[in-house]
Protein chains: 2
Amino acid sequence: MEKEAFRLDNQLCFRLYTASRLLTQAYHPLLSARGLTYPQYLVLLVLWEKDAQPVNDIAKRLVLETNTVTPLLKRMEADGIVTRTKGTDDARQMIVTLTRKGKQLQKELHDVPATVGRAVLCDSVTPETVPDLFRMLDGMIEQLKSE
Amino acid sequence: MEKEAFRLDNQLCFRLYTASRLLTQAYHPLLSARGLTYPQYLVLLVLWEKDAQPVNDIAKRLVLETNTVTPLLKRMEADGIVTRTKGTDDARQMIVTLTRKGKQLQKELHDVPATVGRAVLCDSVTPETVPDLFRMLDGMIEQLKSE
DNA sequence: GTTATTTGTATCGTTCACGATGCAAATATA
DNA sequence: TATATTTGCATCGTGAACGATACAAATAAC
């Protein structure tokens with residue numbers, strides 16, 4: 001009887017799940033002040049890098065399904081952050097484009113990355129160890145994506 | 001113009017969020033075969049360690065709010081996995097107890113931890129590096145909990 | 001050129017998360 | 001002992017996630 005494998009403190013997934021939720025919560029006051037949720041902020045990160053992308057490209061970049069992203073984008077459209085227009089070359093595509101308000105948000109959220117970055121620093125997570133953390137998480141993600 | 005800070009590839013939170021979702025997805029086929037969701041599995045991990053706990057203790061252990069855990073437990077009760085009974089010493093408490101079926105599930109899910117454990121192994125996540133990963137995630141979690 | 005398959009989005013239903021709020025039991029204070 | 005505060009749990013509303021399914025446009029196969 002190896003109960004050890006079932007101990008909560010031995011679960012990688014529970015740690016990831018908790019760390020992810022808590023870090024998302026750290027974004028909350030900064031984002032909700034501008035009427036944004038965290039997944040909406042992720043969409044903005046994608047569009048700030050490259051504007052006017054089809055739903056599919058945004059979903060793939062965020063490793064989400066389109067049935068998750070579609071309603072999210074519709075809420076962002078209702079809030080005047082993006083527009084959704086039918087593609088011209090492929091009529092099935094919906095091209096998502098930033099509005100002026102959507103672009104403006106990048107300036108208003110200027111200090112969010114640094115603020116959140118400071119909030120996670122501790123003895124075991126430092127500017128020196130973050131690259132290791134990134135490498136392990138990236139390895140896991142690639143591994144799990146390929147299954 | 002500090003665009004670098006906004007790049008998706010530089011975000012720790014996005015990595016955690018993605019890794020957490022993908023790892024949860026890895027549990028899905030194993031758990032849904034027994035009619036369980038991942039958060040329900042976490043509740044079982046808590047109760048298998050110590051049966052008959054009030055809602056509050058379970059929520060605290062999982063770093064969740066009671067308003068998340070309550071409906072989850074009611075679904076588990078409806079599925080015959082746990083029972084919910086009023087506390088005798090404190091009438092406000094709801095004591096959650098495993099049913100025979102709930103205890104039996106531990107045997108049926110015997111190989112879940114090992115199966116999922118194998119699924120995450122890759123070049124950068126190995127039995128040697130996992131302790132480092134645990135330490136960093138635990139550090140982050142403690143740091144974020146204390147804010 | 002038809003038919004079949006694939007692709008890009010969207011709709012629907014279920015289950016989390018969680019902020020806001022409500023309420024009753026327990027505890028502290030006056 | 002009254003009153004006030006705290007505590008434990010629940011209800012409600014909103015926004016993800018995601019499996020299942022639907023549907024039309026694009027592409028492939030015949």
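Order of the sequence lines fixes the chain letters, A, B, ..., with proteins taken first and strands second; residue numbering starts at 1 for each chain.
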For chain A, the stretch of DNA chain D it reaches, first to last nucleotide, under 4.0 Å of its heavy atoms:
D:dG15 to D:dA26
Residues which pass side chain to side chain contact (heavy atoms under 4.5 Å, CB included) with A:N10, listed by chain and number, not counting sequence neighbours
A:E4, A:R7
Which residues satisfy the side chain to side chain donor-acceptor pair (under 3.5 Å) test with A:D132, sequence neighbours excluded?
A:R135
Under the ring-ring contact (aromatic ring centres under 6.0 Å, His included) rule, what pairs show up with a residue in residues 58-84 of chain B, not counting sequence neighbours?
none
Tell me, please, which residues at least two apart from B:A114 pass side chain to side chain contact (heavy atoms under 4.5 Å, CB included).
B:R118
Taking only residues two or more places apart in sequence, or in another chain, which ones meet B:R34 in a side chain to side chain donor-acceptor pair (under 3.5 Å)?
B:E108
Anything under 3.5 Å between a protein N or O and an N or O of nucleotides 7-11 of chain C, put it in a table, one pair a line.
{"residue": "C:dT7", "atom": "O2", "partner": "A:R92", "partner atom": "NH1", "Å": "2.7"}
{"residue": "C:dG8", "atom": "OP2", "partner": "A:N56", "partner atom": "ND2", "Å": "3.1"}
{"residue": "C:dT9", "atom": "OP1", "partner": "A:V55", "partner atom": "N", "Å": "3.4"}
{"residue": "C:dT9", "atom": "OP1", "partner": "A:M94", "partner atom": "N", "Å": "3.0"}
{"residue": "C:dT9", "atom": "OP2", "partner": "A:N56", "partner atom": "N", "Å": "2.7"}
{"residue": "C:dA10", "atom": "OP1", "partner": "A:R84", "partner atom": "NH2", "Å": "2.3"}
{"residue": "C:dA10", "atom": "OP2", "partner": "A:T70", "partner atom": "OG1", "Å": "2.7"}
{"residue": "C:dT11", "atom": "OP2", "partner": "A:K74", "partner atom": "NZ", "Å": "2.7"}

Check each residue of residues 9-47 of chain B for a non-hydrogen atom within less than 4.0 Å of any atom in DNA chain C, then write out the ones that pass by number, or none.
B:T37, B:P39, B:Q40
Just to verify, what does A:C13 make a side chain to side chain contact (heavy atoms under 4.5 Å, CB included) with, not counting sequence neighbours?
B:L23, B:T24, B:Y27, B:Y38
Specify the separation, in whole Å, of atom CG of B:D79 and atom P of C:dT14.
13 Å
For A:K86 and A:L64, find the nucleotide of DNA chain D closest to each by heavy atoms; which residue's nucleotide sits nearer the 5' end?
A:L64
Keeping to residues at least two apart or across chains, list the salt bridge (charged side-chain N to carboxylate O under 4.0 Å, His left out) pairs with something in residues 91-101 of chain A.
A:D90-A:R92
According to the salt bridge (charged side-chain N to carboxylate O under 4.0 Å, His left out) rule, which pairs have a member within residues 50-62 of chain B, sequence neighbours left out?
A:D9-B:R61, B:E49-B:R61
Going by the salt bridge (charged side-chain N to carboxylate O under 4.0 Å, His left out) test, which pairs reach into residues 65-79 of chain B, not counting sequence neighbours?
B:E77-B:R84
Can you tell me how far CZ of B:F134 sits from CD of A:Q11, rounded to the nearest 0.5 angstrom?
7.5 Å
